[in-house]
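Data first, discussion second: the structure below is written as structure tokens.
All values reported here derive from a predicted model rather than from experimental measurement.
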Amino acid sequence: MTKHVPVLLQETLDALAVKAGGVYVDGTLGRAGHTTEILKRGGVVLGIDRDDQRAIAEVTQQKAAAQGPEAAWYANLTIKKGCHGDLSEIAKAQGIEEADGILLDLGVSSPQLDEADRGFSFRADGPLDMRMDRTRSVTAADVVNTYGESELMDIFRTYGEEPNARRIAKAIVCARARERFSSTLQLAGLVEKTVGRHGAHHPATRVFQALRMLVNDEIGELMRALEGGLALLKSGGRFVVLTFESLTDRRVKRFFAAHAGKMVSLQEGGERWEGELPRARLVARHAVTATPEEMALNARSRSAKLRVVERM
């Protein structure tokens with residue numbers, strides 16, 4: 001197993017304002033990089049992840065193998081399979097009525113990208129899968145091979161912001177009439193052939209993002225997690241979200257801004273607050289990004305943005 005390097009680790013811990021005895025919910029546990037550091041600082045963590053075949057299995061093994069001080073830290077970790085969109089319900093089922101902090105580290109994890117058999121990446125050939133939870137029935141191959149041209153176009157535009165969505169969708173429908181799509185390189189090659197290759201990024205990047213987001217309902221899960229998580233926080237509790245794509249970052253930014261609200265001057269004098277409830281305070285008005293030093297050591301951090309609010 002390759003060493004896992006959590007993105008914006010110190011910035012995340014600072015944003016959460018971790019305290020001994022505090023209760024924290026990590027809605028995207030992964031390999032527990034951030035969670036382990038919360039535990040070391042005395043936090044009590046509920047870790048949630050939908051990937052029981054990799055993420056939960058590995059962290060459960062780490063917990064079982066821990067000795068000495070590590071065993072004491074891991075005693076404060078509860079691991080549950082589930083989607084972060086259900087984090088509030090999962091927390092309450094564990095007896096957590098209020099949390100001191102909530103963390104979401106969004107997008108596909110590095111291990112999932114590195115494993116060709118998961119179908120998230122076109123760097124190596126693999127099945128066109130993209131399910132974070134392999135008990136889900138619909139794969140990326142099902143979408144590519146059965147959805148209509150207009151549906152595919154909408155998916156690529158909505159979830160991938162792909163400017164060539166129409167051309168790519170049409171090319172896919174024509175190609176699958178001859179041969180069913182089954183592998184990542186097969187789809188990536190078709191996209192490259194259709195639109196050509198320009199710049200540093202592979203032309204299939206947005207298409208793969210769009211399919212992954214659809215298959216895993218990532219936007220829906222995010223919005224449910226934001227609503228449920230903010231309601232779960234106690235007064236003074238922090239909500240920290242790490243994003244890696246502009247599509248998800250914009251949604252987090254707008255959600256946090258709506259709950260931070262604004263003061264509006266009244267015609268008769270004075271002012272009043274207007275915004276969504278529960279009310280929150282923007283801890284950092286702008287997104288926190290990685291330092292040049294971290295970017296040099298960890299390529300994944302280059303697109304990372306951290307946003308944080310505190311419930312009032």
Exercise. Closest approach of A231 and R311, non-hydrogen atoms and distance?
Worked result: O-NH1, 3.0 Å
Problem set entry | R251 side chain near I219 side chain, heavy-atom distance below 4.5 Å | yes
For this session: Please tell me if the side chains of V25 and Q94 come closer than 4.5 Å, counting only heavy atoms from C-beta onward.
Result: no
Exercise. Do the non-hydrogen side-chain atoms of V7 and E294 ever get within less than 4.5 Å of each other?
Worked result: yes
Exercise. In Å and rounded to the nearest 0.5 Å, what is the CZ to CG distance from R224 to L87?
Worked result: 11.0 Å
Problem set entry | Connected via hydrophobic side-chain network under 4.5 Å: L190 and V195 | yes
For this session: Give the minimum heavy-atom separation between D49 and I56, together with the two atoms involved.
Result: O-CD1, 3.2 Å
Problem set entry | F208 side chain near T184 side chain, heavy-atom distance below 4.5 Å | yes
For this session: Return yes if a side-chain donor-acceptor contact under 3.5 Å exists between D249 and S246, otherwise no.
Result: no
For this session: Let me see the working for E162 and R157 under salt bridge (Lys or Arg N to Asp or Glu O under 4.0 Å), right down to the final yes or no.
Result: CA-CA 5 Å; E162 172 55 63; R157 281 180 175 170; over 6 Å; no
For this session: Hey, could you give me the CG/CZ distance between L233 and F239, rounded to the nearest 0.5 Å?
Result: 7.0 Å
Problem set entry | Side-chain (Q186) to main-chain (S182) donor-acceptor, under 3.5 angstrom | yes
Exercise. Closest heavy-atom contact between N216 and E221?
Worked result: O-CG, 3.9 Å
Exercise. Does K81 come within less than 4.0 Å of D133, counting only side-chain N to carboxylate O?
Worked result: yes
For this session: Answer yes or no: are there more than 12 heavy-atom neighbours, outside K63 itself, under 6.0 Å from its atom NZ?
Result: yes
For this session: Examine L214 and V138 and state if one hydrophobic cluster contains both, with Ile, Leu, Val, Met, Phe, Trp and Tyr joined whenever side-chain heavy atoms are less than 4.5 Å apart.
Result: yes
Problem set entry | Verdict with reasoning, R197 to E192, per salt bridge (Lys or Arg N to Asp or Glu O under 4.0 Å) | CA-CA 6 Å; R197 188 157 193 165; E192 184 173 3; 3.8 Å; yes
For this session: Could you pull out the closest heavy-atom pair between A66 and Y74, with the gap in Å?
Result: CB-CD1, 3.5 Å
Exercise. Can M153 be reached from L247 by stepping across I, L, V, M, F, W or Y side chains whose heavy atoms are under 4.5 Å apart?
Worked result: no
Problem set entry | Polar side chain donor-acceptor pair, Y159 to Q209, under 3.5 angstrom | no
For this session: Take V173 and L152 through the side-chain contact (heavy atoms from CB on, under 4.5 Å) test and state the conclusion after the steps.
Result: CA-CA 9 Å; V173 171; L152 290 172; 4.2 Å; yes
Exercise. Is it the case that D105 and T28 place a side-chain donor and acceptor less than 3.5 Å from each other?
Worked result: no
Exercise. Do the numbers put R206 on top of the ring of F156, so that NZ or CZ is under 6.0 Å from the six-membered ring centre and no more than 45° off the axis?
Worked result: no
Exercise. Would you call K40 and E37 a salt bridge, using N to O less than 4.0 angstrom?
Worked result: yes
Problem set entry | Distance-only donor-acceptor check, side chains T139 and D129, under 3.5 Å | no
Exercise. Do side-chain atoms of H259 reach the backbone of R279 as a donor and acceptor pair under 3.5 angstrom?
Worked result: no
Seminar exercise, completed: Closest heavy-atom pair, V309 versus A280, reported as atoms and distance to 0.1 Å, is CB-CB, 4.1 Å
Exercise. Roughly how far, to the nearest 0.5 Å, is the CG atom of L29 from the NE2 atom of H34?
Worked result: 11.5 Å
